[in-house]
Student: 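Here you go, one structure.
These values consider heavy atoms only, across backbone and side chains, with no hydrogens, waters or symmetry-generated copies.
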Amino acid sequence: MTLEEIWQQKSDRELEFAARVISDYTEEAQEVIRVEIQRRGLTEPPQLPPTKVSVIQNDPHLLGNFLEQYRSGSFPGWIKAIIVAPILLIIGGFILTTSVSFLFKLTTSIFCIGGGIGIIYRTIQHIKHNILVYEHGIVYEQPNNRLSAHYEELQIWQESRYRRFLFTSVEVSRTYTLEFPTGKLLSISEDLADKLQVLVVQHQLPQAIAAYNQGYTLEFGAIRLHKKGIVIYGQGIPWSTVGHVSFRQGKIHIATSIARATYRDTVPILVADVPNVQVLISFLRQQGYFQA
């Protein structure tokens, strides 16, 4: 999901808040936010003083006790470095020493050897990127930069891919993307995602329940929850017709019925379109709607 697509799914209220603290975002994110505001015909509000995101950049102790340290990046990236890079180097070297055609030898060997070296270089550079997990937030450390955020400000995007084998669908891959309040997107490993999801739920769920009880709408990308019902891709469903909500094969299914007798699923919602899906599931479970 691109940065533009993510901000297109934000509510007007979220856009207005982002515009008020736009100096906390990267230049790329600032441009995307302003374009989206103009596209909707909204007026960009005056900016507020820097938020806590800026305050904690140089003082991570404000995030509480240190818990763990992780390397950034996902497992497939390491597989590429360990397997693909040596193969490219070997192929490039073999062609360089055996091929008769000079032009073919030159272009192919440059492509293979250059590609292998490039993968190794990027992997080595990535080793220097650390994610420090604290009690109340995280710090993303790069060689010349540091990005921090509280768990209340983070969004975790999850995407699963399935393939059909005989009579069943099998999950073949699952990726996680961490979104900082500045708009920065970071691919993370599954073990880090599992850790962060627990912490994000712990911090965001109480706020979500309190906001819902006060009559506010809860925003989860393609899904919105409010006192009257659920809104899915712009389509409203009253709570009185909702039977249960389930999560299977990378999709969220909502069973509904007008008579509450025979239930049928609505259009499935892709989990990839729902940030912090574990917060949503935890909220629906507390409300008695989620079915494991």
Side-chain angles (χ1 to χ4, degrees), residues 1-7 9-10 24-26 28-29 32 53 56-57 60 63-85 119-162 171-205 220-222 247 250 252 270-282:
M1 181 174 291
T2 65
L3 197 56
E4 288 80 5
E5 292 172 336
I6 289 174
W7 281 101
Q9 293 186 3
K10 302 287 187 181
D24 290 336
Y25 290 80
T26 63
E28 181 185 5
V32 171
V53 179
I56 61 178
Q57 299 304 317
L63 297 174
N65 297 324
F66 174 74
L67 300 179
E68 293 181 70
Q69 175 178 321
Y70 290 83
R71 299 289 187 189
S72 67
S74 57
F75 185 65
W78 291 96
I79 291 293
K80 184 188 296 183
I82 295 172
I83 299 178
V84 179
I119 292 174
I120 293 174
Y121 173 77
R122 289 186 63 183
T123 303
I124 292 175
Q125 288 296 106
H126 227 62
I127 292 176
K128 301 176 183 178
H129 295 195
N130 298 314
I131 296 180
L132 308 180
V133 180
Y134 288 83
E135 186 180 4
H136 301 299
I138 67 171
V139 175
Y140 175 43
E141 287 189 331
Q142 305 170 74
N144 300 314
N145 191 23
R146 171 184 284 176
L147 185 61
S148 308
H150 289 80
Y151 293 122
E152 291 87 349
E153 303 167 310
L154 294 175
Q155 290 190 325
I156 300 174
W157 299 83
Q158 174 182 329
E159 183 174 5
S160 298
R161 296 185 181 276
Y162 286 79
E171 186 179 29
V172 295
S173 68
R174 182 183 299 178
T175 58
Y176 296 90
T177 302
L178 180 64
E179 181 186 355
F180 286 84
T182 59
K184 170 72 175 178
L185 300 176
L186 181 66
S187 176
I188 59 176
S189 62
E190 185 169 358
D191 59 337
L192 175 56
D194 291 341
K195 176 72 175 182
L196 293 182
Q197 283 177 332
V198 172
L199 293 167
V200 167
V201 169
Q202 288 176 357
H203 287 76
Q204 292 193 14
L205 182 59
F220 292 94
F247 176 37
I252 298 172
L270 292 174
V271 171
D273 293 338
V274 181
N276 291 338
V277 67
Q278 293 302 323
V279 178
L280 172 64
I281 289 175
S282 298

Student: Rounded at 0.5 Å granularity, tell me how far CG in Leu199 sits from NE2 in His136.
Tutor: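 It comes to 10.5 Å.
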
Student: Hey, does Asn130 have a side-chain heavy atom less than 4.5 Å from the side chain of Tyr70?
Tutor: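 No, too far: nothing below the 4.5 Å cut-off.
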
Student: Side chains of Phe220 and Val279: does their closest heavy-atom pair fall under 4.5 Å?
Tutor: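 SC-SC contact between Phe220 and Val279 confirmed.
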
Student: Roughly how far apart are Gln9 CD and Glu4 CD, rounded to 0.5 Å?
Tutor: 12.5 Å

Student: How far does OH of Tyr134 sit from OG of Ser148, to the nearest 0.5 angstrom?
Tutor: 8.0 Å

Student: His203 vs Tyr151 aromatic rings, parallel, tilted or perpendicular, using cut-offs 30° and 60°?
Tutor: tilted

Student: Can you check side-chain contact (heavy atoms from CB on, under 4.5 Å) on Leu192 and Val133, steps first, answer last?
Tutor: CA-CA 9 Å; Leu192 175 56; Val133 180; 4.1 Å; yes

Student: So do Leu63 and Ile138 actually touch side chain to side chain, heavy atoms under 4.5 Å?
Tutor: no

Student: Is it true that Glu190 and Arg174 make a salt bridge, defined as a side-chain N closer than 4.0 Å to a carboxylate O?
Tutor: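 Yes, this pair counts.
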
Student: Using every non-hydrogen atom in the two residues, find where Glu135 and Gly64 come nearest and quote the distance to one decimal.
Tutor: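 Closest heavy-atom pair between Glu135 and Gly64: OE1-CA, 3.9 Å.
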
Student: With side chains defined as the heavy atoms from C-beta onward, is the minimum distance between Ile6 and Leu185 less than 4.5 Å?
Tutor: yes

Student: For Val201 and Ile281, run side-chain contact (heavy atoms from CB on, under 4.5 Å): C-alpha distance rounded to whole Å, both residues' side-chain angles, the deciding distance at 0.1 Å, then the answer.
Tutor: CA-CA 10 Å; Val201 169; Ile281 289 175; over 6 Å; no

Student: Look up atom CG in Leu196 and atom CD in Gln278, then write down how far apart they are to the nearest 0.5 Å.
Tutor: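 Answer rounded to 0.5 Å: 12.5 Å.
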
Student: About how many Å separate CZ of Phe180 and CG of Leu147, when rounded to the nearest 0.5 Å?
Tutor: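 Going from CG on Leu147 over to CZ on Phe180, the span is 4.5 Å.
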
Student: Can any side-chain N or O of Asn276 pair as donor or acceptor with the backbone N or O of Leu154 at less than 3.5 Å?
Tutor: yes

Student: For side-chain contact (heavy atoms from CB on, under 4.5 Å), just list the numbers for Tyr140 and Lys184, CA-CA rounded to whole Å, side-chain angles, deciding distance to a tenth of an Å, and then say yes or no.
Tutor: CA-CA 11 Å; Tyr140 175 43; Lys184 170 72 175 178; 4.0 Å; yes

Student: If I compare all heavy atoms of Pro181 with all of Ala149, which pair ends up nearest, and what's the gap?
Tutor: CD-CB, 3.7 Å

Student: Once you round to the nearest 0.5 Å, how far does CD of Gln158 lie from CG of Leu270?
Tutor: 12.0 Å

Student: Mind listing the closest non-hydrogen atom pair of Pro275 and Gly221 along with its distance?
Tutor: CD-N, 3.5 Å

Student: Give a yes or no on whether Glu28 atom CD has more than 12 heavy-atom contacts from other residues, nucleotides or ligands under 6.0 Å away.
Tutor: no

Student: Check whether any side-chain heavy atom of Val271 lies under 4.5 Å from a side-chain heavy atom of Glu159, and answer yes or no.
Tutor: no

Student: Would you say Tyr176 and Asp194 make side-chain contact, with heavy atoms under 4.5 Å?
Tutor: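 Result yes, sub-4.5 Å side-chain heavy-atom pair found.
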
Student: Does some side-chain heavy atom of Ile188 sit less than 4.5 Å from a side-chain heavy atom of Thr177?
Tutor: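 Not touching, per the 4.5 Å side-chain cut-off.
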
Student: Please tell me if the side chains of Ile131 and Val139 come closer than 4.5 Å, counting only heavy atoms from C-beta onward.
Tutor: no

